[in-house]
Amino acid sequence: MFEGIKGPGDAPSVDGAALRVAIVHARWNTELITPLVEGARKKLLEGGVKESNIVIQSVPGSWELPIACQRLFAASQVQASSAPSGDLLGGLGRSSTPVPGSTSSASAGPFDAIIAVGVLIKGDTVHFEHIAESVSRGLMRIQLDFGVPVIFGLLTVLNEDQAKKRAGLTADGHNHGEDWGNAAVEMGVKRKQ
Ligand SMILES: O=c1[nH]c(NC[C@H](O)[C@H](O)[C@H](O)CO)c([N+](=O)[O-])c(=O)[nH]1
C-alpha cells in the first residue's frame, strides 16, 4: 500500500492499559467504515487498551464528526466521576452503530484520545471539498482547544477503489484504521505523561 518512503513508520512500544479511547464514526459508506473501525479497535486492544475503556459511537455522516467528538469529550470530563452507561452523546443522534462488538456503555474518566472515522468519496460537485475542509479544521480545533488528541481518520478519496484499498479490502491494500489505532495509543500515552 505504501510505496517508497511513505508510511507511518514503526509505532513505538507503549502501554495503553490506563487509556480511555473513543472511536466516533460516520455511518455513511458503512461497508468501508466497518473495517476501518475494526482495524482501529484491533490496534487499541493490541496496544493494551481495555475493552471496557473503548467507547464507539456513530453519527450520520462525516460532517457531524466534530460536534460529536467535542460533545463526547466534554461529557467525559463532566461525567468523569459518574459516567452513565449508554449514549454519552446525549441527544446528538443514534448511538447505535453497525460495527460489531461496539459499545456505548462507558467506564469513567475523560478520554485520552479520540479517533474520528469517516469516508468522503468525491462526487461530481464541490460538496466533497466543503465537507473535507470543514471537518478537518473542526477536528484540529477540538484537539487544540481541548488538549485531547483527535486522530484524523477521515478518508478523502476520489473513488471507491481508493477507499477500498485504504480500508484494507483489496489484496494490495492496507487498513488505515490500524494506523489510527496505533496513533491513538501513542498520543494517549503522551497526553498522560
Ligand atoms: O461521511 C460522509 N458524509 C457525506 N455526506 C453527509 C454529510 O456528512 C452529513 O451527514 C449531511 O450533510 C447531514 O449533515 C458524504 N457525501 O455526501 O458524499 C460522504 O461521502 N461521506
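Side chains included, hydrogens not; waters and symmetry mates left out as well; all remaining heavy atoms used. Atoms within each ligand, like the ligands themselves, are counted from 1 in listed order.
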| task | Look only at the side chain of Lys122 and the backbone of Asn159, and say whether a donor-acceptor pair between them is shorter than 3.5 Å. | result | no
| message | Using a strict threshold of under 4.0 Å (side-chain N to carboxylate O), is an ion pair present between Glu38 and Lys42? | response | no
| request: Would you name the heavy atoms of Val119 and Leu154 that are closest together and state the gap between them? | output: N-CD1, 4.4 Å
| field | Atom pair NE2/CG of His176 and Leu36 - distance to nearest 0.5 Å | value | 8.5 Å
| field | Nearest-0.5 Å distance that lies between atom CZ in Arg166 and atom CG in Leu32 | value | 11.5 Å
| query | Can you tell me how far the CG atom of Asn182 sits from the CE atom of Met187, to the nearest 0.5 Å? | reply | 13.0 Å
Could you go through ligand 1 and list every pair where one of its N or O atoms sits under 3.5 Å from a protein N or O, giving the atom names and the distance to one decimal?
{"unit_1": "ligand 1", "atom_1": "1 (O)", "unit_2": "Ser62", "atom_2": "N", "d": "2.9"}
{"unit_1": "ligand 1", "atom_1": "1 (O)", "unit_2": "Ser62", "atom_2": "OG", "d": "2.7"}
{"unit_1": "ligand 1", "atom_1": "8 (O)", "unit_2": "Ser62", "atom_2": "N", "d": "3.2"}
{"unit_1": "ligand 1", "atom_1": "8 (O)", "unit_2": "Trp63", "atom_2": "N", "d": "3.0"}
{"unit_1": "ligand 1", "atom_1": "10 (O)", "unit_2": "Gly61", "atom_2": "N", "d": "3.4"}
{"unit_1": "ligand 1", "atom_1": "10 (O)", "unit_2": "Glu64", "atom_2": "OE1", "d": "2.7"}
{"unit_1": "ligand 1", "atom_1": "14 (O)", "unit_2": "Glu64", "atom_2": "OE2", "d": "2.5"}
{"unit_1": "ligand 1", "atom_1": "17 (O)", "unit_2": "His127", "atom_2": "ND1", "d": "3.3"}
{"unit_1": "ligand 1", "atom_1": "20 (O)", "unit_2": "Ile121", "atom_2": "N", "d": "3.4"}
{"unit_1": "ligand 1", "atom_1": "21 (N)", "unit_2": "Val119", "atom_2": "O", "d": "2.8"}

